[in-house]
Amino acid sequence: MANTTSTEVKKKVGLPIVGGQAVKEPSAVDEIELELKRFEEEERARLGITPDREHWVEEMADLSFSKKEREEYGVTLLVCGLTMAHDYFIEGALKGLGYDVMHLEVPDNEALRYGKEFGNRGQCNPTYFTVGNLVKFLCLLRDKGMSEDEIVKKYVFLTAGACGPCRFGMYVTEYRKALRDAGFDGFRVMLFQQTGGFQQATGDELGLEMNPPFFIAVIKSILCGDVLNALAYRIRPYEVEAGATDRALAKIKKNVYDALEGGNSIFRALWTARKELGAIKVNKLMPKPKVSIIGEFWAMTTEGDGNYQLQSFLEGEGAEPDVQLVSAWILYTIWEGRNDIKNRMELRGTDNGKYGLAPVEGVTGVQKKRAVLSVADKAVRVVFHTFAWVAGLHGYHLPDMDQIAEISHKYYNNDLRGGEGHMEVGKLILNVAKKKAHMTLSVKPFGCMPSAGVSDGVQSLITELFPGTIFCPVETSGDGRVNFYSRVQMYLFKAKLAATEELEASLTQYGLTREQVNEWLEKNPGYASPLHHSPHAVCGSGADLIHEIGPIMTQSRFTRAKNKVAKAFKSAKELGPKAVAKVSEIRKNAPEMIQMAKEDLSVVTDVVRGKISAEWLELGAALTKKHDHVHDAHDKKGTIPVVNTAQVAAAE
């Protein structure tokens, strides 16, 4: 080079070293790399991109509040997102822990307007409704004279949040954007996973403590809400006097709320349901098609304009809605954890992923983690069925997640996460094969990526493989109520015909008329009680009742006893080979099952002694949010589920 500068790259020459290796001269590639580095530094200096440059920081992220702030400003927690009963009970339960809590009203079309005004374009329905509902409430407070500064100090919104394969992972970002644009910059939106095990940098005590009493209160509220919702949807379609069920439920909900708030016996409050609901007069001989509602979690759970009051619409059209309980979602979340552990136990190396087993110490630690989830699954079921029995909800079965996974895996990989995953497929198959419902209705927001892909894609194959399926996929957009109702009515027409034919066939089978059955029910009022639930035989509740009382009305005791013995013998004969295979499987897996039993016993012992470990706190946090990462899809090693109608129907 003719001219050189102080920054010019000079060629280095290595001198020989005795007993060592000579320094290699830089190659042409090295010189190019040095030249590129020099050019990068010059461009950074010219553009002002320096290492000490100050970057923009989202100040509304990870906001929290301390116990001191809660006491000084009287901070009120705002909750919303589930059914009206769940939100109401959660308010009462958290008040019982000493918090000021207010549940927001169910999101309506006005909330949708606020959401679209202050939210981003292209979001899904639940985003607009839930975000808009919060903004609407805060704007109403401002319109009543409260300053924006005062609102930010005195209110906190508590919700679940996560990352994931759909826009649910963007909810908290949408809250911040809408709140800032509406004038509430700095308003605190707290996520469950943000606060679990969270310690503030100041060292102050948290204003919201995510401890065992908190999770126990939330779980009790959810299970109470589930039980009363299930009772309501079972009784209301058959009430003789319109509105009788709602009036009774209002009294029961107040009793449960007072018990949760005052720390009184929840069993005594639920027991009042037997008296209040038992006094309702019903006519179960009305041919009502049972409609199982599945789909995207929020769309099938909300009871407002978010799904066009779907449950009320179905009841008004003469159907019996079969809603999915929040308890099923909790069990699904627990199943995901169990399934993740099972898959990772078979890996050759340590998995350092978010749900990996790297932090767990040894085989014993892994088994203990499995035991915690196993006990949690059983605990949810035991508590739910205890609450259900006390309140008079008889014959209700929570879904078997292992069975659903096995049945659906052939058509939809269990490790694909998002929405309700494989549960939608499994529920549709079981509804048809086990005669659980006349019609299955899948509701989801317009453009919902996980649910729309399942319902409109995989489910079309299921309807072909299982003839007689009445499957209605519908989407909500907030402004398509007429088209939504019209589509549901078309499918509901076929379901009504099926329900009527089913009831008439049941009467014909036993040679009975409706007049004879009604006369018999008047003499035997126990069977006509709204709390009485007939054993499952077919889809409809009325037909189930006919199949229960038909033999009693037309056969002698001796004939009924003989038929029961013959049925039991036939079942035993069919289950014999399955029992032998099951025994062989148990013998093969005996060591693992013994180890699991020991770990289960260890966990139960800790619970009985009051030693609730950190694993339970982590589990509690996990139950309040959806999984926030999509796992890599892979087939189960050595598992080839075989699904057919006879096999599924026989697995009761």
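Since we're looking at a predicted model, the values are computed, not measured. Along the sequence shown, residues carry numbers from 1.
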Nearest 0.5 Å please: distance from the [atom1] atom of [X] over to the [atom2] atom of [Y].
| X | Y | atom1 | atom2 | answer |
| --- | --- | --- | --- | --- |
| Thr333 | Arg338 | OG1 | CZ | 12.0 Å |
| Asn255 | Thr272 | CG | OG1 | 4.0 Å |
| Lys251 | Asp246 | NZ | CG | 12.5 Å |
| Ile222 | His86 | CD1 | NE2 | 6.5 Å |
| Asn109 | Arg481 | CG | CZ | 6.0 Å |

Exercise. Does the pair Arg46 and Glu43 meet the rule for a salt bridge (Lys or Arg N to Asp or Glu O under 4.0 Å), with working shown?
Worked result: CA-CA 5 Å; Arg46 183 176 68 83; Glu43 288 299 301; 2.6 Å; yes

Exercise. What is the ring orientation for Phe313 with Tyr485, classed by angle as parallel under 30°, tilted 30 to 60°, or perpendicular over 60°?
Worked result: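 Plane angle under 30°, so parallel.
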
Exercise. Do the ring planes of Tyr88 and Tyr257 sit parallel (below 30°), tilted (30 to 60°) or perpendicular (above 60°)?
Worked result: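 Judged by the thresholds at 30° and 60°, the geometry between Tyr88 and Tyr257 is parallel.
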
For this session: Give me the one residue out of Phe118, Phe157, Phe184 that meets ring pair (Phe, Tyr, Trp, His ring centres under 6.0 Å) with Tyr175.
Result: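 So the option named by the test is Phe157.
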
Taking all heavy atoms of [X] and all of [Y], pick out the closest pair and write down the distance.
| X | Y | result |
| --- | --- | --- |
| Asp258 | Asn264 | O-ND2, 4.2 Å |
| Pro213 | Leu97 | O-CD1, 3.9 Å |
| Cys224 | Leu270 | SG-CD1, 4.3 Å |
| Tyr491 | Phe471 | CE2-O, 3.1 Å |

For this session: Give a yes or no on whether Glu105 atom CD has more than 12 heavy-atom contacts from other residues, nucleotides or ligands under 6.0 Å away.
Result: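 No, because the 6.0 Å sphere around CD of Glu105 holds 12 heavy atoms or fewer from other groups.
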
Exercise. Considering residues at least two apart in sequence or located in another chain, which fulfil the ring pair (Phe, Tyr, Trp, His ring centres under 6.0 Å) criterion with Phe387?
Worked result: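 Per chain and number, Phe387 pairs via ring pair (Phe, Tyr, Trp, His ring centres under 6.0 Å) with Phe267.
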
For this session: Please test Asp305 against Leu112 for side chain to side chain contact (heavy atoms under 4.5 Å, CB included), starting from the C-alpha separation and ending with a verdict.
Result: CA-CA 9 Å; Asp305 292 329; Leu112 174 66; over 6 Å; no

Exercise. Does the distance from a Lys or Arg side-chain N to an Asp or Glu carboxylate O, for Glu110 and Arg113, drop under 4.0 Å?
Worked result: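 A salt bridge links Glu110 with Arg113.
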
Problem set entry | Six-ring centre of Tyr233, Arg236 cation under 6.0 angstrom, axis tolerance 45° |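 That pair qualifies as a cation-pi contact.
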
Exercise. Out of Thr301, Thr302, Asn229, which residue meets the side chain to side chain donor-acceptor pair (under 3.5 Å) rule with Thr83?
Worked result: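 Considering Thr301, Thr302, Asn229, a side chain to side chain donor-acceptor pair (under 3.5 Å) with Thr83 is found only for Asn229.
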
Exercise. Is it true that a side-chain atom of Ser486 and a backbone atom of Val482 form a donor plus acceptor pair closer than 3.5 Å?
Worked result: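 No, Ser486 side chain to Val482 backbone: no donor-acceptor pair under 3.5 Å.
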
